[in-house]
Engineer: 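Right, I'll just put the structure down here and ask away after.
Since the model is a prediction, treat every value here as computed from it, not as a measurement. Side chains included, hydrogens not; waters and symmetry mates left out as well; all remaining heavy atoms used.
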Amino acid sequence: MTITESTLIKDIAVSNYNSIYVFEQYNIDYCCNGNRSLIQVCEELNLEVEEIITEINLKLSSSPYTGIDMNLIPLDVLTKYIQDKHHRYVEEKIPIIKDCLDKVTQVHGNEHPELFEISTLFIEAASRLTKHMKKEELILFPQINQLVIAERNGLSNETTSLDSITSVICQMESEHDDEGERFARIKVLSKNFSPPQGACVSFKNLYILLQEFEQDLHTHIHIENNVLFPRSINLEQELL
């Protein structure tokens, strides 16, 4: 795609996954607030839009994305992909990060009191994300999968007795916003996940784990907000 000042952030991210690396570098929100133009975001962050466009194009030309186009994946396959890759990642990393946070905060909390707030924020995020993912797995994803079955069998929404998924998706998006804001605060407190000078191995490892968790969360939310959700709503409308 041709990227201009008016191109939406989410459209750039959806069209080529590698643009995400540029967005992460400049703290450009492509997941929760991707429905903004590139020029609008650059003005807010005091960035030169032409320089960002150049960097994105260079990234795309030097490292062309060879993966699967998310817009071409059947929706029921996409829900399984999200569950198997991103939900399982969150479930596996939460106890590891909690344990590391406890140890580092206990040893270094007096010298670095920001660790206490980071710990509180992460524990809250872990609890809410766990509940959020269960709602997706038990409520939203089955509804989306039923829409796919209805489409394949030539049925309409009226004959499938499905409730509208729009209200559920709105709730999921609101919860995404909450977690995006929570991790933005963690990022500020940790000075962009930069451990203090002379930090021990455990301290450095903690910030690496938190940064990786945040990046996975951004990708996770991006796929849902900018691909899965709009495609599901469109399918629902087509079946009316």
Side-chain angles (χ1 to χ4, degrees), residues 1-65 67-73 78 82 86 121 125 128-129 132 136 140 165-194 210-237:
M1 71 179 295
T2 301
I3 301 171
T4 68
E5 294 183 353
S6 60
T7 306
L8 297 183
I9 297 295
K10 68 176 184 179
D11 290 340
I12 299 172
V14 169
S15 68
N16 197 305
Y17 183 86
N18 285 344
S19 63
I20 288 174
Y21 297 114
V22 178
F23 294 150
E24 289 284 356
Q25 179 182 350
Y26 289 96
N27 293 322
I28 295 174
D29 185 351
Y30 58 91
C31 51
C32 295
N33 294 294
N35 196 32
R36 297 174 297 163
S37 68
L38 187 59
I39 184 64
Q40 179 184 354
V41 173
C42 286
E43 288 176 349
E44 290 175 0
L45 297 177
N46 196 28
L47 300 172
E48 292 293 333
V49 66
E50 292 301 328
E51 291 182 8
I52 298 300
I53 291 174
T54 298
E55 285 207 36
I56 292 173
N57 286 329
L58 283 172
K59 186 67 177 177
L60 301 188
S61 61
S62 62
S63 305
Y65 181 58
I68 300 172
D69 185 343
M70 292 289 177
N71 278 312
L72 301 179
I73 301 177
L78 189 54
I82 292 169
H86 295 291
L121 288 166
R128 291 182 179 272
L129 277 171
H132 173 86
E136 289 187 335
L140 179 59
I165 63 170
T166 303
S167 60
V168 181
I169 285 176
C170 285
Q171 181 184 0
M172 296 298 102
E173 289 178 331
S174 176
E175 292 175 5
H176 286 170
D177 290 343
D178 291 341
E179 298 319 311
E181 291 173 5
R182 213 181 312 275
F183 259 86
R185 177 61 181 162
I186 290 175
K187 192 168 190 173
V188 170
L189 288 167
S190 64
K191 296 180 174 60
N192 199 20
F193 306 108
S194 300
L210 285 171
Q211 185 173 34
E212 290 175 347
F213 193 95
E214 184 207 41
Q215 290 174 349
D216 182 83
L217 183 65
H218 286 170
T219 304
H220 179 179
I221 293 174
H222 160 63
I223 294 171
E224 291 189 350
N225 279 13
N226 299 331
V227 181
L228 179 69
F229 293 171
R231 284 183 59 195
S232 299
I233 292 172
N234 288 340
L235 178 57
E236 182 180 57
Q237 293 300 312

Engineer: Any side-chain donor-acceptor pair under 3.5 Å between H176 and H132?
Structural biologist: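 The criterion, which ignores hydrogens and geometry beyond distance, is satisfied for H132 and H176.
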Engineer: Do E179 and R128 come close enough that some side-chain heavy atom pair is under 4.5 Å?
Structural biologist: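 The answer is yes, as the side chains (C-beta and beyond) meet within the 4.5 Å cut-off.
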Engineer: Test R182 against R185 for side chain to side chain contact (heavy atoms under 4.5 Å, CB included), laying out the working first.
Structural biologist: CA-CA 5 Å; R182 213 181 312 275; R185 177 61 181 162; 5.9 Å; no
Engineer: Any donor and acceptor pair, going by atom type alone, linking the side chain of N16 with main-chain N or O of N18 inside 3.5 Å?
Structural biologist: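 Between the backbone of N18 and the side chain of N16 there is a qualifying donor-acceptor contact (under 3.5 Å).
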Engineer: State, to 0.1 Å, how close S37 and S6 come at their nearest heavy-atom pair, and which atoms those are.
Structural biologist: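 Between these two residues, the closest heavy atoms are CB-O, 3.8 Å.
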Engineer: Search all heavy atoms of E236 against all heavy atoms of I165 and return the closest pair with its distance.
Structural biologist: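 Scanning both residues, the minimum pair turns out to be OE2-N, 2.9 Å.
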Engineer: Would you name the heavy atoms of T7 and T2 that are closest together and state the gap between them?
Structural biologist: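 Minimum heavy-atom contact is OG1-O, 3.9 Å.
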Engineer: Find the distance between CD1 (I28) and CZ (R36) and round it off to the nearest 0.5 Å.
Structural biologist: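 Atom-to-atom, I28:CD1 and R36:CZ are 9.0 Å apart.
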Engineer: Report yes if some heavy atom in the side chain of K10 is under 4.5 Å from a heavy atom in the side chain of N225; otherwise report no.
Structural biologist: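 No; the side chains remain at least 4.5 Å from each other.
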Engineer: Mind checking the CG-CD1 spacing from L38 to I3? Nearest 0.5 Å is all I need.
Structural biologist: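 The CD1 atom of I3 is 7.5 Å from CG of L38, to the nearest 0.5 Å.
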Engineer: Roughly how far, to the nearest 0.5 Å, is the OG atom of S190 from the CD atom of Q211?
Structural biologist: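 Separation between the atoms: 8.0 Å.
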Engineer: Any side-chain heavy atom of L217 within less than 4.5 Å of one from L129?
Structural biologist: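 They are in contact (side-chain heavy atoms under 4.5 Å apart), so the answer is yes.
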Engineer: Start with the C-alpha distance between H86 and I223, add both sets of side-chain angles, then the distance that settles side chain to side chain contact (heavy atoms under 4.5 Å, CB included), and finish with yes or no.
Structural biologist: CA-CA 10 Å; H86 295 291; I223 294 171; 3.7 Å; yes
Engineer: What are the two closest non-hydrogen atoms of L210 and F183, and how far apart are they?
Structural biologist: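 The answer is O-CE2, 4.0 Å.
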Engineer: Look only at the side chain of S174 and the backbone of C170, and say whether a donor-acceptor pair between them is shorter than 3.5 Å.
Structural biologist: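 Pair absent, no side-chain N/O of S174 close to backbone of C170.
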Engineer: Checking N27 now: which residues fulfil side chain to side chain donor-acceptor pair (under 3.5 Å) with it, not counting sequence neighbours?
Structural biologist: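 N27 satisfies side chain to side chain donor-acceptor pair (under 3.5 Å) with K187 only.
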Engineer: CD of E136 to CD1 of I169: how many Å apart, nearest 0.5 Å?
Structural biologist: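 Between E136 CD and I169 CD1, I get 9.5 Å after rounding to 0.5 Å.
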Engineer: Any heavy-atom pair between the side chains of E55 and Y26 that's under 4.5 Å?
Structural biologist: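 The answer is yes, as the side chains (C-beta and beyond) meet within the 4.5 Å cut-off.
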Engineer: Using modelled atom types only, decide if a donor and an acceptor are shared between the side chain of D216 and the backbone of E212 within a distance under 3.5 Å.
Structural biologist: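 Checked: no pair found.
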Engineer: Look up atom CE in M172 and atom CD in E224, then write down how far apart they are to the nearest 0.5 Å.
Structural biologist: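 Those atoms lie 9.0 Å apart.
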Engineer: Are side-chain N/O atoms of N226 and H222 paired as donor and acceptor at under 3.5 Å?
Structural biologist: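 A donor-acceptor contact under 3.5 Å links the two side chains.
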Engineer: Does some side-chain heavy atom of L235 sit less than 4.5 Å from a side-chain heavy atom of R231?
Structural biologist: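 Side chain of R231 against side chain of L235, heavy atoms only: no contact under 4.5 Å found.
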Engineer: Please name the pair of heavy atoms, one in A13 and one in S19, separated by the smallest distance, quoted to 0.1 Å.
Structural biologist: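 What the structure gives for the nearest pair is CA-OG, 3.4 Å.
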Engineer: Any side-chain heavy atom of I56 within less than 4.5 Å of one from F23?
Structural biologist: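 Yes. Closest side-chain heavy atoms under 4.5 Å.
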Engineer: Got D29 and I9 here, is their nearest side-chain heavy-atom distance under 4.5 Å?
Structural biologist: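 The answer is no; the side chains never approach within 4.5 Å.
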Engineer: Find the distance between CD1 (I20) and NZ (K59) and round it off to the nearest 0.5 Å.
Structural biologist: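 Going from CD1 on I20 over to NZ on K59, the span is 11.5 Å.
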Engineer: List the steps, then state whether side chain to side chain contact (heavy atoms under 4.5 Å, CB included) holds for L121 with L189.
Structural biologist: CA-CA 10 Å; L121 288 166; L189 288 167; 3.7 Å; yes
Engineer: State, yes or no, whether a side-chain contact exists between I52 and V41 at a heavy-atom distance under 4.5 Å.
Structural biologist: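 Side chain of I52 against side chain of V41, heavy atoms only: no contact under 4.5 Å found.
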Engineer: Under the side chain to side chain contact (heavy atoms under 4.5 Å, CB included) rule, what do T219 and Y30 come out as? Steps first, then yes or no, please.
Structural biologist: CA-CA 9 Å; T219 304; Y30 58 91; 3.9 Å; yes
